[in-house]
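Notes follow the structure.
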Amino acid sequence: MKTVYAFLANGLEEVEALMVIDLLRRTHKLDVVMVSITDDLLVEGSHGIKIYADQTIDQIDFDKGDAIFLPGGIPGTPNLEACDKLTEQIVKYDKEGKLVAAICAAPSILSNLGLLKDKSATSYPSFEDKMDCKKYGGKVVRDGNIITGCGLGVALEEGLEIIKYLVDDAMAKQIADAICFGTN
């Protein structure tokens with residue numbers, strides 16, 4: 001079973017995080033670990049919703065992970081970016097060809113780390129000027145081992161894209177059908 005580390009920081013966009021985490025867990029083929037970047041398991045989102053992480057960043061073994069997921073939100077994104085342990089591992093995951101996925105403001109972290117220079121990517125529109133990438137735009141963009149999404153409205157699609165990448169297209173379709181996504 002592949003392991004996805006979903007990182008939570010105070011000020012995160014709650015629904016972006018929970019939508020993706022929920023979809024990935026529905027596969028029963030991915031071990032999704034919600035990770036607080038602080039010593040406290042309780043994380044408060046940008047809209048006052050409190051989420052309990054499964055573990056703290058000091059409790060996980062990055063070497064056992066297969067993917068990193070970064071939800072957006074303000075000040076969640078700057079809080080994630082200020083975590084040196086996390087940013088070092090993002091760079092390492094990218095070098096190893098492991099999946100790095102980010103949504104909303106969080107793709108700017110990947111850009112600031114220099115991971116998007118030769119990639120197509122997207123982000124929340126007001127972060128476009130912070131995105132140093134080969135080609136910018138779109139709702140959900142997958143380029144190699146990096147998946148980026150433009151915001152809360154595409155969190156479901158981003159979750160399905162991550163499932164396609166880590167499991168397969170059939171599982172993504174099965175999950176989409178089970179939640180009535182794309183049906184009339």
Exercise. Taking atom types as modelled, find out whether Ser123 and Tyr136 have a side-chain donor-acceptor pair closer than 3.5 angstrom.
Key: yes
Quiz item: Should the heavy atoms of other residues, nucleotides or ligands under 6.0 Å from NZ of Lys139 be counted, would the total exceed 12?
Solution: no
Self-check item: Residue Asp39 excluded, over 12 heavy atoms near CG under 6.0 Å
Solution: no
Show me the side-chain donor-acceptor pairs of residues 93-104 shorter than 3.5 Å, one per line, residues at least two apart or across chains.
from  : atom 1 : to     : atom 2 : distance (Å)
Tyr93 : OH     : Phe62  : O      : 2.7
Asp94 : OD1    : Asn145 : ND2    : 3.1
Glu96 : OE1    : Lys98  : NZ     : 3.4
Lys98 : NZ     : Gly65  : O      : 2.8

Donor-acceptor contact below 3.5 Å, side chain [X] vs main chain [Y]:
X	Y	result
Asp143	Lys119	no
Tyr5	Asp61	yes
Ser111	Lys130	yes
Glu157	Val154	no
Asn79	Asn10	yes
Thr122	Gly138	yes

Quiz item: Out of curiosity, Lys64 NZ to Asp31 CG, how far, rounded to the nearest 0.5 Å?
Solution: 11.0 Å
Quiz item: In Å, rounded to the nearest 0.5 Å, how long is the span from CD of Glu13 to CG of Leu152?
Solution: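 Spacing of CD (Glu13) from CG (Leu152) equals 5.0 Å.
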Quiz prompt | Flag side-chain contact, heavy atom, 4.5 Å: Val140 against Leu160 | solution =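 With C-beta onward as the side chain, the pair stays apart.
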Less than 3.5 Å apart, which donor and acceptor atoms pair up between the side chains of residues 68-75 and the rest of the protein, not counting sequence neighbours?
none

Kindly list each side-chain donor-acceptor pair under 3.5 angstrom involving residues 161-172, sequence neighbours excluded, with atom names and distances?
from   : atom 1 : to     : atom 2 : distance (Å)
Glu161 : OE2    : Arg142 : NH1    : 3.2
Asp168 : OD1    : Ala170 : N      : 3.2
Asp168 : OD1    : Met171 : N      : 2.7

